[in-house]
Structure formats: structure tokens, C-alpha cells
Trainee: 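Dropping the structure in here first, questions after.
Atoms within each ligand, like the ligands themselves, are counted from 1 in listed order. Because the structure is predicted, anything quoted here is derived from the model rather than measured. Basis for what follows: all heavy atoms, side chains included, without hydrogens, waters or symmetry-related copies.
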Amino acid sequence: MSTTASGVTVKLNTGAEIPLLGFGTVSEHDTETFKLALKAAILDAGYKHIDTAWYYNTEELIGDVLEELSLSNKIKKDEIFITTKVWPCFWNDPETSLNLSLKNLKLEKVDLLLQHWPVCFAKIDDSNGNRIPVPKDSNNNILYDKDGDYLITYKKLLKLKDSGKAKAVGVSNYTVQMLERIIKETGVIPACNQVELHPHLPQLELYNYCSEKGIILEAYSPFGSSGAPNLKIPLIIELAKKYNVSSADIIVNYCIAKKIVVLPRSSNIERIKKGYALINMEKSDVDALDNYGSKNPKRYIKDSWGDNIGFDHWN
Ligand SMILES: NC(=O)C1=CN([C@@H]2O[C@H](COP(=O)(O)OP(=O)(O)OC[C@H]3O[C@@H](n4cnc5c(N)ncnc54)[C@H](OP(=O)(O)O)[C@@H]3O)[C@@H](O)[C@H]2O)C=CC1
Ligand SMILES: O=C1O[C@H](CO)[C@@H](O)[C@@H]1O
């Protein structure tokens, strides 16, 4: 067993290993800060998994860093597990989205391709021919495609897997009901479902369903997103004292103990270099964290298109 969180893996239903710790790549910073953070994550903290998306506008920077590190023989590109995602404005042509991502990333294939949200936006290009990520009318209302269906996107993703450009395909922001529908209609179980998940939102019903079906759950916004509010939860601070680690280590290990892929983000080089300690968290502590979040569920990512999915806990 590895002694650092970056070395622990779990098997996808394709048979491929996925590292349980992945580097989140939403960025609120300039391009140089982002690249330095990513280099520290790979070279100092030993990250072997990067989570990105066409929507984040960081794919090209990731591609540059991977190219630089591989040309200087510091890494081999195929040692790093790469996930990218198809945004809802590409719901009906995910191949276009994947091709753009591969060009940005300077790769021939990705390890995992996810449908980013089970919603379908209208396809509108700007005057330069670039797809508008979130199309809106003059009243600022999002324009959905009335003929859209997330099942169509999933079926097209399965074809992309057959083409070899995506080694595995999965979904993101799916409910149990949505998973049941795509599995019933296609007979194919997605490799993973990436959702908001942390001790304030343990998603136990989804966790039990995915465990039973062999779908790997991935936890986004583990720290509660910008400002990391989850690090201040009293129970987490208490457990950090008990194990003599940081609050961030407790959240990462809560996920690892449950075999949930965890995707923290940071731009702070010192923090990134430190990585996350791997601890043997007692089951009673994992259960206590589950219990905390089940009693006080809190969702931090409240994108308005989530309304269409029927997410609860918008408090
Ligand atoms: N599929 C989807 O729809 C979604 C996927 N994601 C994925 O999940 C990733 C992570 O989620 P995200 O919402 O970005 O946020 P996180 O929950 O990872 O939190 C990021 C924040 O935590 C801070 N932080 C990190 N470590 C520490 C620490 N040790 N002490 C104090 N503060 C800390 C960071 O600040 P600092 O930079 O200063 O360290 C930053 O402000 C994304 O980057 C993306 O890859 C996210 C949202 C939706
Ligand atoms: O993946 C995602 O990141 C953004 C910002 O958190 C969110 O809108 C999207 O689902």
C-alpha cells in the first residue's frame, strides 16, 4: 500500500486503474500561476491524475505542461490519468468537443471522458465560430435545446469509446434515477459518476447505488469550493487533531476510505507540495462524517441548470 494519497488507485469497470486522488483544474488565477501549481502537483506531490473539462479553459495549459515535462523526460504522458468532459452546449456533438479537448491537451486519447451535466443547451456559435458555453436570451435566461436528451449524449459517448479516443466513459451530476434510465436504455454501466460530495453532502443513496452497480463515484468540490468552507467544520477539526493531520487530509481520507475518487484544487504551491497524508481512518469516524452530512446536507455548487435536474439541498 502506498504511503501517500497520490499513489492509491481503484479499478474502473473497464479494468483500468484510476488514482483516487486527482488534481482539480478549475482556475481562478492567471495562466502562469496555474502552470506552476500543476507542475508542483505532478513533480512534487506526485499527482498521477488530472481532472479537467472543455468548460474550464485550462486544457491548453495542461497540454503545455504535459508536453514540457515529457520533452524534458520528467514524466511520461501516459503515466498521468487524464479526465475531460463534454459541456452541455456540445450535447449533440460530443465528438467535436472531444476533438477540441484532444487538440488542447495535445493527446491522442483521454483515459476518461465524462458527460459534464445531464442537460442540453442550444447550439449557438459566436461570430468567430466558437461555441457559446452557456447561451442566453436577451432576458438572461439560459437557452436549452427543446429536442435535447442527455440519453442521446450518453449513447454518443459510448460510440467515442469504441473509436478508441476515450478509454472509458462516464457521467457527472447524475441522480440515481438518471443512472437507472441510461443503464436500462443502453445496457451499459458508466465507469463513473462525478458529483459534488464531501462530509457536508455524503450522497449516501447515490453512494449505495453506485457501489452496488460498480460505478466509481468521484467527489468534486471536496473542500466546499472557493474559500474551502468545509475545512472549518468542527467535527473535521476535531478529527484532524485526533489523527494529527490537517482538515484537508481528513476530507481526502474520508473519500479514500470509501473508495471515492477525490478531486481537490489548490493554487497554493506550499500546500500543493505537501500533498495529503494517507491515514487509516477508523470506520466509526467515517460513519460519523457520513452522519454529520446526512443530518446537515449542504450543496455549494448551485449552477442554475442544476434546477432542471431536481437537485435537493439548495440551502
Ligand atoms: N463535474 C462538475 O460539475 C464539477 C467538477 N469540479 C472539479 O472538482 C475540482 C475541485 O472542486 P472546486 O470547486 O474547484 O474546489 P475545492 O473544493 O477543491 O476547493 C478549492 C478551494 O480550496 C482552497 N484550498 C485548497 N486546499 C486548501 C487548504 N489546505 N487550506 C485552505 N484552503 C485550501 C483553494 O484555495 P487555494 O487555491 O488558495 O489553495 C480553493 O479556494 C474542480 O477544480 C474541478 O476539477 C468542480 C465543480 C463542478
Ligand atoms: O465543473 C464545473 O465547474 C464549474 C465551477 O465550479 C461548475 O459550473 C461546473 O459544473
Trainee: Numbering the atoms of ligand 1 from 1, which are under 4.0 Å from a heavy atom of Ala228?
Mentor: 22 (O), 23 (C), 32 (N), 33 (C)
Trainee: Decide, yes or no, whether a salt bridge links Lys77 with Glu108 under the criterion of side-chain N to carboxylate O below 4.0 Å.
Mentor: no
Trainee: Of Ile216, Ile256, Leu278, Ile260, which meets side-chain contact (heavy atoms from CB on, under 4.5 Å) against Leu20?
Mentor: Ile256
Trainee: List the closest protein heavy-atom neighbour of atom 27 (C) of ligand 1: residue, atom name, distance to the nearest 0.1 Å.
Mentor: Arg271 NE, 3.3 Å
Trainee: If the cut-off is 4.0 Å to any non-hydrogen atom of Val26, which atoms of ligand 1 fall inside it?
Mentor: 42 (C), 43 (O), 44 (C)
Trainee: Looking only at protein heavy atoms, which one is nearest to atom 45 (O) of ligand 1, and what is the separation?
Mentor: Asp51 OD2, 2.7 Å
Trainee: Any nitrogen or oxygen of Pro222, side chain or backbone, less than 3.5 Å from one on ligand 1?
Mentor: yes
Trainee: Mark up the atoms of ligand 1 that fall under 4.0 Å of a heavy atom belonging to Asn268, in ascending order.
Mentor: 39 (O)
Trainee: Which heavy atom of the protein is the closest neighbour of atom 39 (O) of ligand 1, given with residue, atom name and distance?
Mentor: Ser266 OG, 2.6 Å
Trainee: Which residue pairs pass the ring pair (Phe, Tyr, Trp, His ring centres under 6.0 Å) test when at least one of the two sits in residues 32-51, sequence neighbours left out?
Mentor: Phe23-Tyr47, His49-Phe81
Trainee: Pick out which of Thr84, Asn104, Thr83, Thr58 makes a side chain to side chain donor-acceptor pair (under 3.5 Å) with Thr52.
Mentor: Thr58
Trainee: Check Glu185 with Lys155, please: is the shortest side-chain N to carboxylate O separation under 4.0 Å?
Mentor: no
Trainee: Which option out of Ser221, Ser226, Ser267, Ala53 puts a heavy atom nearest to atom 11 (O) of ligand 1?
Mentor: Ser221
Trainee: Please determine if Arg265 and Asp51 form a salt bridge, counting it only when a charged side-chain N lies under 4.0 Å from a carboxylate O.
Mentor: no
Trainee: Mark up the atoms of ligand 1 that fall under 4.0 Å of a heavy atom belonging to Pro264, in ascending order.
Mentor: 18 (O)
Trainee: Distance to 0.1 Å, residue and atom name: give those for the protein heavy atom nearest to atom 34 (C) of ligand 1.
Mentor: Arg265 O, 3.8 Å
Trainee: Filter the ligand 2-protein atom pairs down to N or O on both sides and distance under 3.5 Å, then list them.
Mentor:
from, atom 1, to, atom 2, distance (Å)
ligand 2, 1 (O), Tyr56, OH, 2.6
ligand 2, 1 (O), His116, NE2, 2.7
ligand 2, 8 (O), Asp303, OD1, 3.3
ligand 2, 8 (O), Asp303, OD2, 2.5
ligand 2, 10 (O), Trp117, NE1, 2.9

Trainee: If you have a sec, work out which protein heavy atom is nearest atom 3 (O) of ligand 1 and how many Å separate them, to one decimal?
Mentor: Asn173 ND2, 3.0 Å
Trainee: Quick one: which ligand 1 atoms are inside 4.0 Å of a heavy atom on Leu263?
Mentor: 8 (O), 9 (C), 10 (C)
Trainee: To the nearest 0.1 Å, how far is atom 21 (C) of ligand 1 from its closest protein heavy atom, and which atom is that?
Mentor: Ser225 O, 3.5 Å
Trainee: If you have a sec, work out which protein heavy atom is nearest atom 26 (N) of ligand 1 and how many Å separate them, to one decimal?
Mentor: Phe223 CE1, 3.5 Å
Trainee: At under 4.0 Å between heavy atoms, which part of Ser172 makes contact with ligand 1: side chain, backbone, both or neither?
Mentor: side chain
Trainee: Go through ligand 1 atom by atom and flag the ones less than 4.0 Å from a non-hydrogen atom of Gly224.
Mentor: 17 (O)
Trainee: Relative to ligand 1, is Leu114 under 4.0 angstrom through side chain, backbone, both or neither, heavy atoms considered?
Mentor: neither
Trainee: Heavy-atom contacts under 4.0 Å between Leu231 and ligand 1: side chain, backbone, both, or neither?
Mentor: side chain
Trainee: Starting from atom 4 (C) of ligand 1, what is the nearest protein heavy atom, named by residue and atom, and what distance separates them?
Mentor: Tyr220 CD2, 3.2 Å
Trainee: Salt bridge or not between Glu68 and Lys35? Use side-chain N to carboxylate O under 4.0 Å.
Mentor: no
Trainee: Heavy-atom distances under 4.0 Å decide this one: backbone, side chain, both or neither, for Tyr300 against ligand 1?
Mentor: neither
Trainee: Enumerate the atoms of ligand 1 whose separation from the nearest heavy atom of Gly227 is less than 4.0 angstrom.
Mentor: 41 (O)
Trainee: Please verify whether a non-hydrogen atom of Trp117 lies at under 4.0 Å from ligand 1.
Mentor: yes
